[in-house]
*Asks:* 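Take a look at the following structure, please.
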Amino acid sequence: MGRDTIADIITSIRNVDMNRKGTVRIESTNMAEKIVKILLREGFIENVRKHQENKTSFLVLTLRHRRNRKGPSRTILNLKRISRPGLRVYSNYQKIPRILGGMGIVILSTSRGIMTDREARLEGIGGEILCYIW
């Protein structure tokens, strides 16, 4: 039985965000580094650094939190895994969904690498829909 590294990344980030922790540590893989680079570029996380421990490297992410918030605590990040090992979901560039009218992002795995929905529409390529983030 294989591991679903994308689901592990999403679950780790969601759990840390719900518990109001500042940092999360995830195992470093090529897929994880590309997804984290997109999250950093889109402004969902503040900082990323690589940490080596006993021949295993980890990515330490610092999440972005709202300051001076009053009222009940709410999570900032909403992440949803779409395509999974048991059910792959593919889309062409014309039918890539828009999350909250373009406020959120869709992360796709295309023939040219992992990219956001905006980049895929500009290049005119579709691919496997990995996750939604808003």
Side-chain angles (χ1 to χ4, degrees):
M1 181 123 167
R3 291 182 50 195
D4 189 7
T5 57
I6 300 168
D8 292 343
I9 294 167
I10 290 172
T11 302
S12 298
I13 293 172
R14 187 183 305 122
N15 288 343
V16 167
D17 189 45
M18 284 175 27
N19 290 329
R20 293 283 174 232
K21 304 279 185 189
T23 61
V24 59
R25 189 176 96 163
I26 58 174
E27 191 171 342
S28 178
T29 61
N30 288 336
M31 180 83 69
E33 288 179 10
K34 292 175 185 173
I35 290 174
V36 166
K37 187 188 293 185
I38 289 174
L39 292 175
L40 183 65
R41 187 176 62 225
E42 295 290 328
F44 290 105
I45 57 178
E46 283 185 15
N47 189 14
V48 179
R49 63 188 156 104
K50 206 165 191 175
H51 179 69
Q52 185 88 16
E53 185 177 302
N54 296 335
K55 297 182 182 179
T56 307
S57 61
F58 295 96
L59 295 173
V60 180
L61 313 176
T62 305
L63 299 181
R64 184 177 302 274
H65 289 288
R66 293 184 193 149
R67 290 170 177 59
N68 299 331
R69 182 181 20 202
K70 295 179 181 176
S73 64
R74 288 194 328 236
T75 59
I76 294 171
L77 286 175
N78 290 307
L79 301 108
K80 185 175 182 184
R81 176 82 159 114
I82 302 301
S83 184
R84 55 186 202 269
L87 178 65
R88 303 287 186 187
V89 178
Y90 297 95
S91 176
N92 63 9
Y93 77 97
Q94 296 154 336
K95 294 186 180 179
I96 297 173
R98 294 186 190 272
I99 306 302
L100 292 178
M103 298 282 291
I105 62 170
V106 178
I107 297 180
L108 295 121
S109 176
T110 66
S111 60
R112 295 186 192 153
I114 296 178
M115 59 180 65
T116 64
D117 56 338
R118 291 181 208 106
E119 296 167 343
R121 282 190 198 98
L122 284 175
E123 294 191 24
I125 56 175
E128 181 182 357
I129 299 176
L130 298 178
C131 60
Y132 298 157
I133 302 171
W134 70 96

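Sequence positions, counted from 1, serve as the residue numbers for this chain.
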*Asks:* What is the minimum heavy-atom distance between Thr23 and Val60, and which atoms define it?
*Replies:* CB-CG1, 4.3 Å
*Asks:* Going by atom type alone, with no hydrogens or angles, which donor-acceptor pairs under 3.5 Å involve a side-chain atom of residues 123-134 and a protein atom two or more places apart or on another chain?
*Replies:*
residue : atom : partner : partner atom : Å
Glu123  : OE1  : Arg112  : NH1          : 2.7
Glu128  : OE2  : Ser83   : OG           : 2.5
Glu128  : OE2  : Arg88   : NH1          : 3.0

*Asks:* Out of curiosity, Asn78 CG to Phe44 CZ, how far, rounded to the nearest 0.5 Å?
*Replies:* 9.5 Å
*Asks:* Under 3.5 Å, sequence neighbours excluded: what are the donor-acceptor pairs made by side chains of residues 93-106?
*Replies:*
none

*Asks:* Drop me the distance from Ile35's CD1 to Leu40's CG, to the nearest 0.5 angstrom.
*Replies:* 14.0 Å
*Asks:* Name all residues meeting the side-chain contact (heavy atoms from CB on, under 4.5 Å) criterion together with Asn47; count only those two or more places apart in sequence or in a different chain, and write none if there are none.
*Replies:* Thr62
*Asks:* Which residues satisfy the side-chain contact (heavy atoms from CB on, under 4.5 Å) test with Lys37, sequence neighbours excluded?
*Replies:*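 Partners of Lys37 by the side-chain contact (heavy atoms from CB on, under 4.5 Å) criterion come out as none, since no residue qualifies.
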*Asks:* Taking all non-hydrogen atoms of both residues into account, name the closest pair between Leu79 and Arg14 and its distance.
*Replies:*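 The answer is O-NH2, 2.8 Å.
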*Asks:* Using side-chain contact (heavy atoms from CB on, under 4.5 Å) as the criterion, list what pairs up with Val36, not counting sequence neighbours.
*Replies:*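 Per chain and number, Val36 pairs via side-chain contact (heavy atoms from CB on, under 4.5 Å) with Ile26, Ile45, Val48, Leu59, Leu61.
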*Asks:* Which heavy atom of Ala120 sits nearest a heavy atom of Leu108, and at what distance?
*Replies:*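 In terms of heavy atoms, the two residues are closest at CB-CD1, 3.9 Å.
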*Asks:* Give, for atom CD1 of Ile114 and atom CE of Met31, the distance between the pair rounded to the nearest 0.5 Å.
*Replies:* 4.0 Å
*Asks:* Report the C-alpha separation of Arg41 and Thr116 in whole Å, then their side-chain angles, then the decisive distance to 0.1 Å, and conclude whether the side-chain contact (heavy atoms from CB on, under 4.5 Å) test is met.
*Replies:* CA-CA 11 Å; Arg41 187 176 62 225; Thr116 64; 4.1 Å; yes
*Asks:* How far does CZ of Arg81 sit from CD1 of Ile107, to the nearest 0.5 angstrom?
*Replies:*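 Going from the CZ atom of Arg81 to the CD1 atom of Ile107 covers 10.5 Å.
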*Asks:* I need the full list of salt bridge (Lys or Arg N to Asp or Glu O under 4.0 Å) pairs touching residues 48-57, with sequence neighbours left out, sorted by first then second residue.
*Replies:*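 Sorted pair list: Arg25-Glu53, Glu33-Lys50.
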*Asks:* Is it the case that the side chain of Asp17 and the backbone of Ile13 share a donor-acceptor pair, with hydrogens and angles ignored and the cut-off at 3.5 Å?
*Replies:*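 The answer is no, because no donor-acceptor pair under 3.5 Å joins these two groups.
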*Asks:* Rounded to the nearest 0.5 Å, how far does CD1 of Ile9 lie from CD of Glu27?
*Replies:* 9.5 Å
*Asks:* Taking atom CD of Gln52 and atom OG of Ser28, what is their separation to the nearest 0.5 Å?
*Replies:*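 It comes to 9.0 Å.
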*Asks:* Please say yes or no: joined through hydrophobic side-chain contacts below 4.5 Å, possibly via intermediate residues, are Ile82 and Leu39 part of one cluster?
*Replies:*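 No: no chain of side-chain contacts under 4.5 Å links Ile82 to Leu39.
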